[in-house]
Amino acid sequence: MRKLLWVLFAAGVLSGCKKEEAPVPAQEEAGGAVVDGERESSAEAGGVFDDSNPYALTQAKLDAYVGYQRQVLDAYAAMARELQAAKVRLTAGTLDAQGRPVGMSESMKAIESKAESEAKARREAGLTEEDVNRIGSVVMDVITQRHMAAMMDLGGELKKLEEMQARLKPEQQKELAPQIDVMRQRVEETDRLVSVRKLHGDANVDLVLSREQDLMRNYQDMLKSFGGKAQ
């Protein structure tokens with residue numbers, strides 16, 4: 001099952017801490033850990049989502065997902081702060097009365113609290129666990145490619161290459177032409193999200209693009225919350 005990239009932060013945020021640190025529970029996945037209120041929906045979905053079957057995204061579900069994202073962003077930001085504080089305490093090597101590293105229990109509580117908040121937000125949005133995973137897969141593929149395209153500015157690089165070609169001698173222009181053709185095709189395919197459309201279908205991609213501004217804001221806020229660089 002495809003995981004939401006921005007949720008995997010929970011598993012790696014404490015990297016660099018002591019080896020004795022407890023790992024993230026095995027059930028901590030993109031859709032959130034399975035808590036008491038979610039066992040029924042997980043059982044209905046069989047615990048595994050078949051990405052090979054088409055998923056028909058609707059406007060109502062996408063709108064619900066945008067709201068769901070905003071709610072869980074608050075939970076992720078809180079978890080990130082708590083885990084960073086726990087990391088500092090773990091690094092200090094202080095032990096509690098039971099001889100356990102101070103900060104270990106706090107880190108696990110932070111992850112559990114995030115999972116509970118995430119599950120609550122999902123239920124309030126009226127989305128199933130499969131909805132969250134399948135919609136999240138389309139959204140992340142579209143938004144990350146759009147974000148990376150903006151950062152790389154392939155169109156701008158192509159323009160510079162074309163301008164350089166115009167200043168060259170005819171024989172040099174001919175030598176450079178194949179590279180420009182390849183770059184032009186890459187820009188076109190990136191702008192049209194060709195690979196994403198092949199994976200998720202035109203209808204799903206077009207629907208996500210209808211909320212691109214909101215989804216991009218959520219994505220960039222996520223990057224900021226986790227110490228990344230947004231554009």
Side-chain angles (χ1 to χ4, degrees), residues 1-13 24 28-33 35 38 41 49 51 55-84 110-154 190-193 195-197 199-231:
M1 179 180 64
R2 298 171 60 85
K3 302 294 189 293
L4 299 183
L5 300 180
W6 53 304
V7 186
L8 296 182
F9 166 81
V13 71
V24 176
E28 183 62 21
E29 298 181 349
V35 293
E38 293 190 88
S41 62
F49 307 128
D51 286 356
Y55 181 83
L57 182 59
T58 65
Q59 188 68 60
K61 285 190 175 183
L62 179 62
D63 292 342
Y65 182 82
V66 173
Y68 159 84
Q69 269 195 332
R70 291 309 309 177
Q71 290 189 55
V72 298
L73 272 171
D74 293 338
Y76 292 153
M79 181 190 69
R81 291 191 297 268
E82 293 172 9
L83 287 176
Q84 284 291 49
I111 293 173
E112 291 171 0
S113 177
K114 186 274 297 182
E116 293 169 359
S117 298
E118 187 179 52
K120 181 175 181 290
R122 179 184 62 73
R123 291 193 296 270
E124 290 178 350
L127 298 171
T128 67
E129 190 175 354
E130 180 173 10
D131 286 331
V132 168
N133 281 273
R134 298 296 295 274
I135 297 172
S137 178
V138 183
V139 167
M140 287 304 296
D141 285 348
V142 171
I143 298 304
T144 54
Q145 182 158 321
R146 299 287 277 187
H147 183 257
M148 290 303 298
M151 291 184 65
M152 295 172 66
D153 189 20
L154 294 179
T190 300
D191 289 343
R192 291 178 53 231
L193 297 168
S195 61
V196 181
R197 289 178 182 278
L199 182 62
H200 298 293
D202 290 334
N204 284 351
V205 172
D206 288 339
L207 203 52
V208 169
L209 289 175
S210 73
R211 296 296 305 268
E212 180 178 4
Q213 184 174 355
D214 295 320
L215 291 165
M216 185 64 74
R217 183 183 303 112
N218 288 351
Y219 178 78
Q220 293 183 334
D221 287 347
M222 174 272 297
L223 291 180
K224 293 175 184 177
S225 296
F226 294 161
K229 184 178 181 181
Q231 177 168 313

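Along the sequence shown, residues are numbered consecutively beginning with 1. Note that these values count all heavy atoms, side chains included, but never hydrogens, waters or copies made by symmetry. Everything quoted here is computed from the prediction, not taken from an experiment.
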Query - Working for side chain to side chain contact (heavy atoms under 4.5 Å, CB included), residues T190 and M152 - result: CA-CA 11 Å; T190 300; M152 295 172 66; over 6 Å; no

Query raised in the report: For the residue pair G136 and Y65, what are the closest heavy atoms and their distance?
Result: CA-OH, 3.2 Å

Query raised in the report: Judged by atom type as modelled, is there a donor-acceptor pair below 3.5 Å linking the side chain of N204 to the main-chain atoms of L57?
Result: yes

**Report entry** Interatomic spacing from CZ in R123 to OG1 in T128 - rounded to 0.5 Å
**Finding:** 13.0 Å

Report task. Measure the spacing between CG of L193 and NE2 of H200 and express it to the nearest 0.5 Å. Result -> 10.5 Å

Report summary line: The side chain to side chain donor-acceptor pair (under 3.5 Å) partners of Q213 (sequence neighbours excluded) come to none

Query raised in the report: Looking only at heavy atoms, what is the nearest atom pair of Q69 and V139, with distance?
Result: NE2-CG1, 4.2 Å

Query - salt bridge (Lys or Arg N to Asp or Glu O under 4.0 Å) contacts touching residues 56-69 (sequence neighbours left out) - result: K61-D131, D63-R211

Query raised in the report: Is there side-chain contact between V72 and R122, with at least one heavy-atom pair below 4.5 Å?
Result: no

Report task. Scan L209, D214, V208 and name whichever one has a side chain to side chain contact (heavy atoms under 4.5 Å, CB included) with E212. Result -> L209

Query raised in the report: Mind checking what makes side-chain contact (heavy atoms from CB on, under 4.5 Å) contact with S117, not counting sequence neighbours?
Result: A75, S113

**Report entry** side chain to side chain contact (heavy atoms under 4.5 Å, CB included) assessment of L215 paired with L62
**Finding:** CA-CA 10 Å; L215 291 165; L62 179 62; 4.3 Å; yes

Query raised in the report: Quick one: are Y219 and M140 in side-chain contact, heavy atoms under 4.5 Å?
Result: yes

Query - Any H147 side-chain heavy atom under 4.5 Å of L223 side chain - result: yes

Query - For R197, side chain to side chain donor-acceptor pair (under 3.5 Å) partners two or more places apart - result: D202, D206

Query - Set of side chain to side chain donor-acceptor pair (under 3.5 Å) partners for E124, sequence neighbours left out - result: K120

Query raised in the report: Who are the side chain to side chain donor-acceptor pair (under 3.5 Å) partners of R70, not counting sequence neighbours?
Result: N218, D221

Requested in this report: Say whether, by atom type as modelled, one donor and one acceptor occur between the side chain of S137 and the main chain of R134 under 3.5 angstrom.
Outcome: no

Query raised in the report: Which heavy-atom pair separates A125 from A64 by the least distance, and what is that distance?
Result: O-CB, 3.5 Å

Query raised in the report: Out of curiosity, D74 CG to E118 CD, how far, rounded to the nearest 0.5 Å?
Result: 12.5 Å

